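Accompanying notes for the structure given below.
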Amino acid sequence: MAVANDGKPARGPEGTPVARMARAASVVLVLNLLSRVLGFVRDASIAARFGAGPATDAYLVAYTIPFFLQTILGMAFVTVMVPVVTTYLVRGDRDQGWAVASAVGNWTALILGLLTIVGLGLAPWLVRLMAPGFPAPVFDLAVKLTRIMFLSLAFMGTGMLVSGILNAGYIFTSPALAPAVSNLVIIATVIFAGSAFGITGLAVGTVLSFVAYLLIQLPDLPRLQFHYTCSLMAGHPAVRRIGRHLLPVCFSLAVVQLYLATNRFFASQLEPGSITALDFANRLVNLPLGVFVASVTTAIFPSLAEQAALNDRREMAHLTDRGLGLVALTILPAAVGMIVLRVPLVQLVFQRGAFDPRATAMTAVAVLFYSVGLLAQAMHPILTRAFYALQDVVVPVVTGIISVGLNILLSYFLAPRLGHGGLALANSLAASIYALMLYLALYRRLPELKVTLLLSTMLRIFLAAMGMGLLVWLAGRGLHVFTWSRPLLGLLVRMTLLMGGGGLAFWVLARCLKVEEVTFITAMIRRRLERVF
């Protein structure tokens with residue numbers, strides 16, 4: 001919901017909820033791509049300046065726990081706050097909505113501030129827990145860096161909460177731009193302070209990047225006529241409800257992290273290099289999730305919350321169907337493309353230095369099995385946000401617990417038979433069952449969901465993706481990318497041609513198969529171009 005210039009409550013931007021969601025998703029998509037590109041530049045800058053050694057090991061260990069806490073807790077606060085605040089905005093009670101948002105922000109800052117103090121005191125024990133094999137000098141450095149990194153908790157968590165407030169008011173640009181600004185600060189720190197202050201300067205720069213993440217968004221708050229209230233409102237029913245929902249939402253958001261923790265446990269008993277192969281493969285297959293799915297999820301959540309507050313179940317179901325269709329449109333061809341091109345893709349991205357052809361082969365196996373469950377992982381955020389919009393946190397928690405248990409069970413049976421690939425397959429199967437359970441439970445809450453239409457859409461997209469995959473495989477054989485052993489620049493050129501041609505082939509096939517999402521996006525692009533020209 002937005003606020004009109006005269007101060008009266010107003011609905012979101014013009015157009016239907018689906019059209020608003022699509023426009024917002026396109027903005028977030030572009031900025032997410034920018035952030036990802038800058039993320040690669042950030043990593044390359046750090047690698048060039050500091051290399052791979054004890055100092056960077058200490059930095060990465062120091063980064064782990066603060067980043068996990070601010071990501072899970074910050075996102076949990078946003079997830080439980082947006083539907084509650086949106087309800088007040090829809091009712092026209094803007095002052096009460098902003099008072100609740102302020103109280104949640106105050107609680108966020110207080111809790112993360114207390115965790116910062118605890119982290120400063122427990123830093124030696126945390127480092128010893130995460131890296132028990134560090135020699136004394138590296139251990140001392142990691143403790144020092146951990147204490148510096150913990151200072152970022154409150155800034156990042158509060159910044160994520162501000163993102164949620166702005167998204168609830170249909171402002172998406174500055175929240176989506178914030179990660180890119182954060183990356184730019186780190187890059188600048190490496191370039192201008194890396195040689196003078198070393199890895200300690202990088203840690204300080206990382207904290208400053210999270211400060212920038214918060215500050216870049218604050219100028220947009222007046223556009224919503226947001227009024228900050230310095231109160232915890234501990235007895236307010238909305239604040240108490242948010243507090244009750246916080247831990248269940250934290251668990252739901254941590255399901256994938258629990259999958260990865262299970263992988264590390266079982267992979268430690270397998271062939272050396274299994275953990276690395278799984279981690280690198282997971283990083284690769286998560287790229288389309290971080291760019292495309294995150295864009296749709298960010299854009300759809302405020303609209304779902306608004307329709308839930310208005311009790312417009314039909315529009316809410318339509319939004320969910322459209323969101324699932326859009327993520328399928330991007331994720332299915334990405335999954336098929338990664339399955340077909342898994343070996344040259346891993347070779348292009350990772351194979352250099354100590355990362356030899358054996359490591360490439362192991363990582364490619366993990367990519368294959370992870371890709372099988374990529375669509376299911378893409379559906380999770382949409383489905384869970386639909387439940388959160390309905391202020392139902394029970395179903396995501398119960399189904400999440402079941403999926404984590406299934407993942408452990410499947411890992412136990414598949415790892416001895418398929419090695420680390422079995423662990424990736426266990427993740428995919430557990431994620432698929434999780435998505436199915438969520439959808440069936442949501443269908444009971446929203447019988448307006450068009451199951452048959454969604455299945456028909458996904459089947460058409462799957463057929464177009466398979467056709468694309470066949471064409472890419474044939475072209476890849478002709479370009480010899482599957483047996484490439486020459487300089488990587490030639491492989492880069494060929495892979496770029498294959499991915500670009502594959503994307504074009506998929507789009508043509510999807511249009512021939514009359515995929516509704518393609519028609520929808522094409523019409524939206526055409527309208528944008530007509531406005532410009």
Side-chain angles (χ1 to χ4, degrees), residues 1-21 23-24 76-108 160-172 175 217 220-246 248-249 297-320 323 384-394 442 445-446 448:
M1 181 170 181
V3 177
N5 292 332
D6 60 4
K8 296 179 182 179
R11 296 288 296 274
E14 293 182 359
T16 66
V18 170
R20 297 201 305 265
M21 181 269 290
R23 287 198 299 270
F77 271 115
V78 171
T79 302
V80 297
M81 181 203 67
V82 169
V84 175
V85 172
T86 300
T87 300
Y88 285 108
L89 299 181
V90 167
R91 293 174 183 169
D93 193 355
R94 186 179 70 250
D95 292 338
Q96 190 66 206
W98 295 148
V100 171
S102 298
V104 175
N106 295 332
W107 277 109
T108 303
M160 294 179 73
L161 195 73
V162 172
S163 297
I165 293 171
L166 294 174
N167 288 168
Y170 289 94
I171 294 176
F172 296 96
Q217 301 179 78
D220 271 339
L221 286 175
R223 293 175 55 191
L224 300 179
Q225 295 189 359
F226 176 81
H227 298 295
Y228 171 73
T229 304
C230 185
S231 172
L232 293 175
M233 297 173 61
H236 194 285
V239 176
R240 293 173 68 89
R241 183 164 63 251
I242 288 171
R244 288 196 304 270
H245 289 176
L246 188 63
V249 171
T297 302
T298 299
I300 200 174
F301 190 30
S303 295
L304 284 172
E306 180 183 352
Q307 300 312 311
L310 293 170
N311 200 28
D312 190 343
R313 302 168 65 87
R314 187 175 300 279
E315 191 60 50
M316 191 177 178
H318 185 40
L319 272 167
T320 304
T384 54
R385 294 313 186 276
F387 280 106
Y388 297 148
L390 293 167
Q391 299 188 37
D392 180 350
V393 299
V394 175
L442 185 62
R445 294 289 304 272
L446 284 177
E448 295 84 359

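None of the values given here were measured: they were computed from a predicted structure.
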Does a side-chain heavy-atom distance below 4.5 Å link Y388 with V249?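 With C-beta onward as the side chain, the pair touches.
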So F172 and L166, do their side chains get closer than 4.5 Å, heavy atoms only?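 Contact flag for L166/F172 side chains = no.
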Check whether any side-chain N or O of T229 sits under 3.5 Å from a backbone N or O of S231 as a donor-acceptor pair, and report yes or no.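 No, T229 side chain to S231 backbone: no donor-acceptor pair under 3.5 Å.
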Does the D312 side chain pair with the main chain of E315, one donor and one acceptor, at a distance under 3.5 Å?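 At least one qualifying donor-acceptor pair exists.
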Set of side-chain hydrogen bond (donor to acceptor under 3.5 Å, both in side chains) partners for [X], sequence neighbours left out:
X    : result
R244 : none
Q391 : R241
S163 : Q217
N106 : Y228

Tell me, with the steps shown, if V100 and I242 meet side-chain contact (heavy atoms from CB on, under 4.5 Å). CA-CA 10 Å; V100 171; I242 288 171; 4.1 Å; yes
Taking atom CD1 of I165 and atom CD1 of I171, what is their separation to the nearest 0.5 Å?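 Between atom CD1 of I165 and atom CD1 of I171 there are 11.0 Å.
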Those residues that, when tested against A308, pass side-chain contact (heavy atoms from CB on, under 4.5 Å) (two or more places apart):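 If we apply the side-chain contact (heavy atoms from CB on, under 4.5 Å) test to A308, skipping adjacent residues, the hits are M316, A389, L390.
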Set of residues satisfying side-chain contact (heavy atoms from CB on, under 4.5 Å) with respect to H227, sequence neighbours excluded: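 Residues passing side-chain contact (heavy atoms from CB on, under 4.5 Å) with H227: D95.
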